[in-house]
Amino acid sequence: MDLVSEIASYLSSLGLSASVIRSVLIAIFIFVFFLVLAWVSGKYVRARVSVRFSREAALILGRIVSALIILAGLALALHSLGFDISGLLLAGGFLAIAIGFASQTVVSNLLSGVFLYIDRPFSIGDPVMIGNNMGIVEDITIFSTRLRTFKGELLRISNNEVFTSTIINMMATKARRIEYQFLLSHNSDVSKAISIVKDALEKHPFILTEPEPRVFIAQSNPDGIVMTVWAWSPSKLFFPVWMELFSTIREELIKAGIRLAIPQRIIIRGPESADILGSEKGALKTPEKPGEPS
Amino acid sequence: MTYGMLSEGELVVSGYRVRVKGLEGGFRLYTRLPLNEDKILANVMIREGTDLTLVPVEPSTGNLQGVVECIYVKLETPIVVGNGAKVEIRITVPVDYAIAAIGSGGDASLIDAFSDTERPSKLILYGTPTGGYICRFHKVSLEDLSKPGLAEASLKINNYSGRVAIVSKVVIPLSLVNIYYKPGTWQANAGVIIMNLETEKVAEIIAEETPPTADFEKSPEIVKEKYLIPVQRLSYLTFKVEGFKMLWGY
């Protein structure tokens, strides 16, 4: 006995008539057929679209096509069971309006998703910052964008939020600038410090020769002299270089006897404060060792 | 140090000790160590029937793999090329070292690669951060002779720009670079690079795929590992001959 006959005999045992059984089987067949068609069409659309457009655009278009075919299959399956589709469509129209009002956010997310595909501010695999969220783009779906944070969590952000947020794509450019500030004590040899930093940057294999690194003094404040360092690195190597270079420069400065200042705050409390402020007893002695608070 | 087949023993290659040792059961052990330390940097067991070869490869191995897109050759002394003139000069380009395992079918698998320690690599951005290229920086003096770790190349400059041009740099994409070596020597060659000056700022770069002499061999194409444990993965090296436009000046 084949499978169809088995199903038919099972449904007969439930007391269903032969015509009902036939309609149910036809409906199942139609729905399954459309499911397969949706799967095949989705794959085909993805393959065709990805040739000319981004992988993400291909993915979403494929999913939309699949969803539409599944809906059509469902409608036809219902029709084969004797449901009046015209009535359903009319009801569907009203329902759509009702749902439209009720699901503005969903529609907004959907449209934002489409606009994101057109705008293409990032691709799957890019490290990005969306609003305050940082991570690697794992997936872009019709309604949401998924980020894998650097802590390993999976973050789902609605496309509406993505579209309206400030997006920083850290891999969109070939090179990125590393920026540091070092606070030198007021009596430091600034020219020597600049020369040491420039030398360290020159020796580093992943700091670009052009754009040329910049080391300069832009300001001086009560705590010390602020030395700014700007150096460019390939975007793909940015994080390891950024993490390592600060320590390298700091060590080179300390080794050369350059004093790094540490901001000092004198907190005076209690009834003795007036006496301390009024006398020289309260003055703090400045340690003179390189690299220690001054 | 010489390019070509590695036999059992120890060889000094650019600040490293490269060692091949025979083991029981037809295996050989490849090891790379720093010159003055015993810290093992690469350690791979090789099966019988596989030859080990030291070859020069494009300078984008290790951390630079997938980062470096081209070689930026800076001429220490710029060259003035008159309108319609053709000039040919010798330049050098940096190369990295690769240890390739050559199978019986002639396919090559990379088992180790490293940069020249005597010539620390520096990178440069050619163009803008959004549309430019990350290149390996190499300064060339016309008096420089080729050394181990460098490949000699012939640069032919054709000036079609309609005016006198001053050339101070050549940007050669890695996809155009063909590296040849002379087995039994340290000599490497990058063939002929043609630079057609099109306008005041734009030049076209083309590479000719011809070895300098018949006794030079082309560095093998590295294919994915079939049976060897990779120390550093290197993608397929292809030798496409395509034009490249220097859009940000020469």
Side-chain angles (χ1 to χ4, degrees), chain A residues 54 119-129 136-137 166-179 195-215 229-245 247-249 252, chain B residues 14-15 59-76 78 94-97 113-140 149 168-171 173-174 232-235 244 246-250:
Chain A
S54 70
D119 195 26
R120 284 200 284 176
F122 49 74
S123 305
I124 290 171
D126 283 353
V128 293
M129 188 158 175
I136 291 165
V137 180
T166 303
I167 301 168
I168 300 172
N169 186 339
M170 295 162 211
M171 211 51 87
T173 56
K174 293 287 174 71
R176 289 179 65 194
R177 193 171 74 187
I178 293 169
E179 295 178 2
S195 157
I196 288 160
V197 176
K198 280 188 172 174
D199 198 40
L201 297 173
E202 169 66 31
K203 280 181 192 158
H204 201 288
F206 304 140
I207 292 298
L208 301 180
T209 308
E210 272 176 35
E212 199 184 340
R214 305 270 178 196
V215 187
V229 178
W230 289 349
W232 289 78
S233 160
S235 298
K236 287 182 181 172
L237 299 171
F238 179 85
F239 281 112
V241 175
W242 176 74
M243 286 190 284
E244 177 248 318
L245 189 62
S247 311
T248 308
I249 294 174
E252 291 292 324
Chain B
S14 173
S60 63
T61 61
N63 287 326
L64 299 182
Q65 188 195 324
V67 174
V68 171
E69 296 159 288
C70 38
I71 304 169
Y72 183 118
V73 179
K74 172 92 181 163
L75 305 177
E76 247 178 24
V95 287
D96 281 354
Y97 298 101
F114 47 95
S115 293
D116 192 351
T117 54
E118 286 155 28
R119 203 169 291 100
S121 65
K122 276 301 282 179
L123 303 178
I124 193 165
L125 175 70
Y126 176 64
T128 62
T130 43
Y133 300 89
I134 299 289
C135 307
R136 176 86 178 252
F137 182 67
H138 179 60
K139 209 181 237 183
V140 168
S168 64
K169 56 178 168 276
V170 189
V171 178
L174 291 182
Q232 286 165 305
R233 290 192 65 190
L234 194 79
S235 53
F244 170 77
M246 283 179 70
L247 296 173
W248 291 280
Y250 45 78

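A, B, ... follow the sequence lines: proteins, then strands. Residue 1 opens every chain. What's counted below: heavy atoms across the whole structure, side chains too, no hydrogens, waters or symmetry copies.
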ask   = Which heavy atom of B:Leu123 sits nearest a heavy atom of A:Pro205, and at what distance?
value = CG-O, 3.6 Å
ask   = How would you list, by chain and number, every residue that makes a ring pair (Phe, Tyr, Trp, His ring centres under 6.0 Å) with B:Tyr97, sequence neighbours excluded?
value = B:Phe114
request  = Among the options B:Gly127, B:Gly132, B:Gly131, pick out the one with the most heavy-atom pairs lying under 4.5 Å from chain A.
outcome  = B:Gly132
Between chain B and chain A, which N and O donor-acceptor pairs fall under 3.5 Å? A table would be great.
from: B:Gly66; atom 1: O; to: A:Lys236; atom 2: NZ; distance (Å): 2.7
from: B:Glu69; atom 1: OE2; to: A:Lys174; atom 2: NZ; distance (Å): 3.0
from: B:Lys122; atom 1: NZ; to: A:Leu201; atom 2: O; distance (Å): 3.2
from: B:Lys122; atom 1: NZ; to: A:Glu202; atom 2: O; distance (Å): 3.2
from: B:Lys122; atom 1: NZ; to: A:His204; atom 2: O; distance (Å): 2.8
from: B:Lys122; atom 1: NZ; to: A:Ile207; atom 2: O; distance (Å): 2.8
from: B:Leu123; atom 1: O; to: A:Thr209; atom 2: N; distance (Å): 2.7
from: B:Leu123; atom 1: O; to: A:Thr209; atom 2: OG1; distance (Å): 3.1
from: B:Leu125; atom 1: N; to: A:Glu210; atom 2: O; distance (Å): 2.8
from: B:Pro129; atom 1: O; to: A:Lys174; atom 2: N; distance (Å): 2.6
from: B:Gly132; atom 1: O; to: A:Lys174; atom 2: NZ; distance (Å): 2.8

task = Flag the one option from B:Val68, B:Ile134, B:Leu64 with the top tally of heavy-atom pairs under 4.5 Å to chain A.
result = B:Ile134
